[in-house]
Amino acid sequence: MIKKWTYYSTILLVIVGICSAFKSEDIKSHSWFYVSEEDELSYQFPSLNPNDYYNNTIPFTGKYFIGFKEAVAFRESQGNYKKVNSKGFMGKYQFGPHTLASIGIRDQGAFLRNPELQEKAFVTLLKKHKWELRNEISNYRGKTVGGVYITESGILAAAHLGGPGSVRRFLKTDGRRKCHDGYGTSVKTYMKRFSGYETHHIKPEKNPKVN
């Protein structure tokens, strides 16, 4: 009996010793938590403000670009690389055949089978839209149009939904022109839902193609 108690006591002392070796440190604020461009704040997590974490989902992506990509993908297809909807739009980000062709992809079957290609296609289309809407981004970013605070990521998401022309019509009519996709989802909804994400690193290109 004494041997057993000695054995268990030794284990307990070892556990206590290990736990006491870890010391907590105060969380400090670092400037690299945040990225600011002009009047638009694109904050990076972790944040010192607890309210910044409200309604964020797991896996945690915050306002990083990966958060933007996954949020758009979930809204489009629930992140399903193989999804084809009733109107022929396909993949994780729901590309139409014409849009795919415009960025150099003509084999739709290969596109559906290749997740890496779909990710490249999404970024390539963002570059194209950012070039086509560069004036709108410059002129309207930071303003409120039709009750929506305009950001670069909101414009790019809306262009993914309805094309650059729909975005221009919405902005030029102060939000009075109602622009929707084939299922009734509005450009205004996307512009608001996907506001404030980090898309600053996307470089605009006039006629980009997927490599």
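For reference, positions follow the sequence shown, starting with 1.
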| task | Look only at the side chain of Ser102 and the backbone of Thr99, and say whether a donor-acceptor pair between them is shorter than 3.5 Å. | result | yes
| Side chain Lys130, main chain Thr199, donor-acceptor under 3.5 Å | yes
| Is the backbone of Val72 close enough, under 3.5 Å, to the side chain of Arg75 for a donor and an acceptor to pair up by distance? | no
| Taking side chain as C-beta onward, heavy atoms only, is Lys69 less than 4.5 Å from Phe74? | no
| task | Evaluate the side-chain contact (heavy atoms from CB on, under 4.5 Å) criterion for residues Phe65 and Leu126: first the C-alpha distance (whole Å), next the side-chain angles of each, then the deciding distance (0.1 Å), finally the verdict. | result | CA-CA 12 Å; Phe65 179 66; Leu126 288 177; 3.7 Å; yes
| said: I need the minimum non-hydrogen distance between Gly196 and Ser153, along with the two atoms involved. | reply: N-OG, 3.1 Å
| said: Is any side-chain heavy atom of Met90 closer than 4.5 Å to one of Lys83? | reply: no
| note | Residues Val145 and Gly175: closest non-hydrogen pair is CG1-N, 3.7 Å
| task | Taking all non-hydrogen atoms of both residues into account, name the closest pair between Leu133 and Pro164 and its distance. | result | CD2-O, 3.8 Å
| said: Working to the nearest 0.5 angstrom, can you tell me the gap between Leu161 CG and Lys188 NZ? | reply: 14.5 Å
| field | Nearest non-hydrogen partners of Val167 and Ala159, listed with the distance | value | CG2-N, 3.5 Å
| Is there a side-chain contact between Glu132 and Arg168, using heavy atoms and a 4.5 Å cut-off? | yes
| message | To the nearest 0.5 Å, what is the distance between CD1 on Ile155 and NE2 on His129? | response | 12.5 Å
| remark: Between Gln118 and Leu112, the two heavy atoms sitting closest are NE2-O, 3.4 Å
| Heavy-atom count around Lys209 NZ within 6.0 Å, excluding the residue itself: above 12? | yes
| query | Taking the six-membered ring for Trp, is the centroid-to-centroid distance between His160 and Phe194 below 6.0 Å? | reply | no
| query | Would the number of heavy atoms belonging to other residues, nucleotides or ligands and lying under 6.0 Å from NE2 of His201 be above 12? | reply | yes
| said: Do Leu100 and Leu156 land in one hydrophobic cluster if side-chain heavy atoms of ILVMFWY residues count as linked below 4.5 Å? | reply: yes
| request: Could you check if a side-chain atom of Ser195 sits within less than 4.5 angstrom of a side-chain atom of Lys192, using non-hydrogen atoms only? | output: no
| For Lys120, does its backbone N or O pair with a side-chain atom of Thr124 as donor and acceptor, under 3.5 Å? | yes
| query | Do the side chains of Ile202 and Val123 get nearer than 4.5 Å, heavy atoms only? | reply | yes
| query | Does Phe111 have any ring-ring contact (aromatic ring centres under 6.0 Å, His included) partners at least two apart in sequence or in another chain, and if so, which? | reply | Phe95
| request: Please answer: with hydrophobic residues joined when any side-chain heavy atoms are less than 4.5 Å apart, are Phe122 and Tyr81 in the same cluster? | output: no
| So which heavy atom on Tyr197 is nearest to which on Tyr64, and how close? | CD2-O, 3.8 Å
| task | Please round to the nearest 0.5 Å and tell me the distance separating atom OH of Tyr140 and atom CG of Asn135. | result | 10.5 Å
| query | Tell me the salt bridge (charged side-chain N to carboxylate O under 4.0 Å, His left out) pairs involving residues 88-114, sequence neighbours left out? | reply | Glu70-Lys92, Lys92-Glu119
| query | Got a donor-acceptor contact below 3.5 angstrom from the Thr144 side chain to the Gly147 backbone? | reply | no
| query | Can you tell if the side chain of Tyr149 reaches within under 4.5 Å of the side chain of Met191, non-hydrogen atoms only? | reply | no
| said: The test is salt bridge (charged side-chain N to carboxylate O under 4.0 Å, His left out); show your working for Lys128 and Glu205 and say whether it passes. | reply: CA-CA 5 Å; Lys128 181 180 176 67; Glu205 290 186 28; over 6 Å; no
| Connected via hydrophobic side-chain network under 4.5 Å: Leu125 and Val210 | yes
| query | Is the closest basic N to carboxylate O distance between Glu152 and Arg141 below 4.0 Å? | reply | yes
| message | Quick one: does any side-chain atom of Asn114 pair with a main-chain N or O of Ala110 as donor and acceptor, under 3.5 Å? | response | no
